[in-house]
Amino acid sequence: MLTRIIVVAVLIAAAWFLYRKYVAAKDIKIPGAGKRQAIMKKCAHCGIHLPEAESVQLEGLHFCSEAHKLEYQKQHAPHE
Ligand SMILES: [Zn+2]
C-alpha cells in the first residue's frame, strides 16, 4: 500500500515537473514581442540593425544595402 502511494506521488511530481517545463518553454518563446514582427538582423559590414525583410542576404549573412554586400564581398574575397 505504501509503495503505491509513493509511486503515485512520484508520478504526480513527474507530471507537475513536465507541466511546469512545458509552461516555462511556452512563456520564453514570446518575450513581449509581436507575432511576426520584424526580426532584426545586423549588417555584416557596418553593424547597423535592420529588419530581416529589408536586408540584403548573402550566404546566411545580412546587409543593410547592396553596396555593403558588395563591400563585404570585396573585403572577404579570397586573395589570389
Ligand atoms: Zn551596412
Side-chain angles (χ1 to χ4, degrees):
M1 188 58 196
L2 186 68
T3 332
R4 279 183 81 165
I5 291 169
I6 291 167
V7 168
V8 169
V10 167
L11 284 175
I12 291 169
W16 175 248
F17 176 74
L18 288 174
Y19 173 72
R20 287 294 302 269
K21 229 178 136 180
Y22 174 70
V23 168
K26 249 178 119 182
D27 283 344
I28 289 164
K29 242 184 175 178
I30 313 145
K35 294 117 206 176
R36 214 169 273 186
Q37 249 190 353
I39 298 162
M40 299 304 278
K41 292 290 176 189
K42 195 175 163 186
C43 174
H45 182 68
C46 67
I48 202 171
H49 283 82
L50 72 159
E52 185 177 25
E54 292 174 26
S55 67
V56 180
Q57 292 181 35
L58 172 80
E59 293 163 7
L61 293 166
H62 298 265
F63 302 89
C64 62
S65 60
E66 196 69 33
H68 277 183
K69 189 187 93 178
L70 294 173
E71 205 62 41
Y72 180 91
Q73 280 180 305
K74 238 189 269 173
Q75 284 181 11
H76 292 80
H79 299 288
E80 287 172 43

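Ligands are counted one by one from 1 in listed order, and the atoms in each one are counted from 1 as well.
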- request: State the CD-NE2 distance between Glu54 and His62, to the nearest 0.5 angstrom.
  value: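 Taking CD in Glu54 and NE2 in His62, the distance rounds to 13.0 Å.
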field: Enclosure of Leu70 CG (heavy-atom neighbours >12, cutoff 6.0 Å)
entry: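 Yes, because the 6.0 Å sphere around CG of Leu70 holds more than 12 heavy atoms from other groups.
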Sequence-distant partners of Lys69, side chain to side chain contact (heavy atoms under 4.5 Å, CB included), two or more places apart: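 Only Val56, Leu58, Phe63, Glu66, Gln73 meet the side chain to side chain contact (heavy atoms under 4.5 Å, CB included) criterion with Lys69.
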- request: Around the Zn ion (ligand 1), list the protein N/O/S atoms within a radius below 2.8 Å, excluding water molecules.
  value: Cys43 SG, Cys46 SG, Cys64 SG, His68 ND1
- request: Would you name the heavy atoms of Cys64 and Leu50 that are closest together and state the gap between them?
  value: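 Here Cys64 and Leu50 meet closest at CA-CD1, 3.6 Å.
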task: Return the minimal non-hydrogen interatomic distance between Cys46 and Cys43, and the atom names on each side.
output: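 So the minimum-distance heavy-atom pair works out to N-SG, 3.4 Å.
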message: When you compare the side chain of Pro51 with that of Lys41, does any pair of heavy atoms fall below 4.5 Å?
response: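 They are not in contact (no side-chain heavy atoms under 4.5 Å apart), so the answer is no.
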